[in-house]
Amino acid sequence: MERHIEGGYFRRTFQADQRQKIGLDDDSRYILSSIFYLLTDDESVGHWHCNKSDVIHYHHLGAPINYFMIHPDGRLESATLGADLLAGQQLQ
């Protein structure tokens with residue numbers, strides 16, 4: 001796995017090579033890609049960032065993780081990804 005620029009580690013597992021990329025002001029991106037993302041004791045924080053494309057996160061294993069999302073209208077939303085659904089955690 002490689003270090004992720006926003007913290008943690010990642011490995012790309014899929015990218016839509018057969019489709020045209022999405023053109024953005026400063027770069028272009030695959031219309032769809034998927035990564036494994038890992039936070040560890042030495043890289044335990046994913047830093048704030050602005051997603052330039054749609055993102056879906058899935059929780060597979062490990063400790064729960066808190067997400068904080070600021071929407072374009074300024075609204076703050078939080079979610080905890082984890083396996084304890086009875087405690088309000090979400091798998092994605």
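All residue numbers in this chain count up from 1 along the given sequence. Atoms considered below: every heavy atom in the structure, side chains included; atoms not considered: hydrogens, waters and symmetry mates.
- Counting only distance, with no hydrogens or angles, the side chain of Q89 and the backbone of A83 share a donor-acceptor pair below 3.5 Å.
- Using cut-offs of 30° and 60° for the angle between ring planes, the W48 and F68 rings count as tilted.
- Summarising the geometry, atom CG belonging to L85 is positioned 4.5 Å from atom CG belonging to L91; distances are rounded to the nearest 0.5 Å.
- Taking hydrophobic clusters as Ile, Leu, Val, Met, Phe, Trp and Tyr residues chained together by side-chain heavy-atom distances below 4.5 Å, F36 shares a cluster with L38.
- Between Y37 and E6, the closest heavy-atom pair is OH-O, 4.3 Å.
- Screening D42, L39, I35 for a side-chain contact (heavy atoms from CB on, under 4.5 Å) involving Y9 leaves a single residue, D42.
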Quiz item: What's the verdict on side-chain contact (heavy atoms from CB on, under 4.5 Å) for E77 and R75, showing C-alpha distance, side-chain angles and the deciding distance?
Solution: CA-CA 7 Å; E77 181 182 3; R75 183 175 42 94; 4.0 Å; yes

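- The two residues A16 and I31 have their closest heavy-atom pair at CB-CG2, 4.0 Å.
- No side-chain donor-acceptor contact under 3.5 Å links H71 to the backbone of D73.
- Salt bridge R3/E43: present, at least one basic N to carboxylate O contact under 4.0 Å.
- Taking each heavy atom of Y30 and D17 in turn, the nearest pair found is CE2-OD1, 3.5 Å.
- With contacts defined as side-chain heavy-atom distances shorter than 4.5 Å, the pair H57/L81 qualifies.
- Dense packing is recorded around CG of L76, with more than 12 heavy atoms of other residues, nucleotides or ligands lying under 6.0 Å away.
- Looking only at side-chain heavy atoms (C-beta outward), F14 and R12 stay at 4.5 Å or farther from each other.
- Among residues two or more places apart in sequence or in another chain, the side-chain contact (heavy atoms from CB on, under 4.5 Å) test is passed with S44 by none.
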